[in-house]
Student: 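Structure incoming, see below.
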Amino acid sequence: MVGVSSSTVMAEKISCYCALLMATLLVLSCCEVSETENEFGLIGNQKKSILNKACDEIYVVREGETLHSISEKCGDPYIVEANPHIHDPDDVFPGLVIKITPFNNR
């Protein structure tokens, strides 16, 4: 059997450790979470950009929403004036279709 030099053995060990280190770093980088996710799976800036997003011109009221919350969310302080079919601002229910005209588009 031909003798293997100690430098070759050392190089093979170092190479093996480097490969192990790189594999560990790769796995850790895939699993890293920078911020906790909210209930919709959105993280930090994603959530802010969706909340600041202008609403569509036709809006369907969801459960738990009020005209005030929709007005703040969509940037339309004049929802009642633009929707003559709303006779009582307190009588808003899920499924109600309303017209939204954001304040910056007026």
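The structure displayed is predicted, hence computed values, not measured ones.
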Student: Knowing that exactly one of Val80, Val60, Ile86 qualifies, which makes a side-chain contact (heavy atoms from CB on, under 4.5 Å) with Ile98?
Tutor: Ile86

Student: Report the C-alpha distance between Leu96 and Asp91 in whole Å, list the side-chain angles of each, state the deciding distance to 0.1 Å, and finish with yes or no for side chain to side chain contact (heavy atoms under 4.5 Å, CB included).
Tutor: CA-CA 10 Å; Leu96 178 67; Asp91 188 25; over 6 Å; no

Student: Let me confirm one number: the SG-CD1 distance from Cys55 to Ile100, rounded to the nearest 0.5 Å.
Tutor: 6.0 Å

Student: Quick check against the 3.5 Å criterion: does Asp56 have a side-chain atom that pairs as donor or acceptor with the backbone of Ile58?
Tutor: no

Student: Identify the two heavy atoms, one from Pro77 and one from Ser71, that lie closest to each other, and give their separation to 0.1 Å.
Tutor: CA-OG, 3.4 Å

Student: Could you tell me whether Glu63 atom CD has more than 12 heavy atoms of other residues or ligands within 6.0 Å of it?
Tutor: no

Student: Hey, could you give me the CG/CG distance between Asn83 and Asp76, rounded to the nearest 0.5 Å?
Tutor: 8.0 Å

Student: What are the two closest heavy atoms between Pro89 and His87, and how far apart are they?
Tutor: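 Heavy atoms of Pro89 and His87 come nearest at CD-O, 4.0 Å.
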
Student: Do Phe93 and Ile79 sit in the same hydrophobic cluster, where Ile, Leu, Val, Met, Phe, Trp and Tyr count as joined when their side-chain heavy atoms come under 4.5 Å apart?
Tutor: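 Yes; tracing contacts between hydrophobic side chains, which count when under 4.5 Å, links both residues.
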
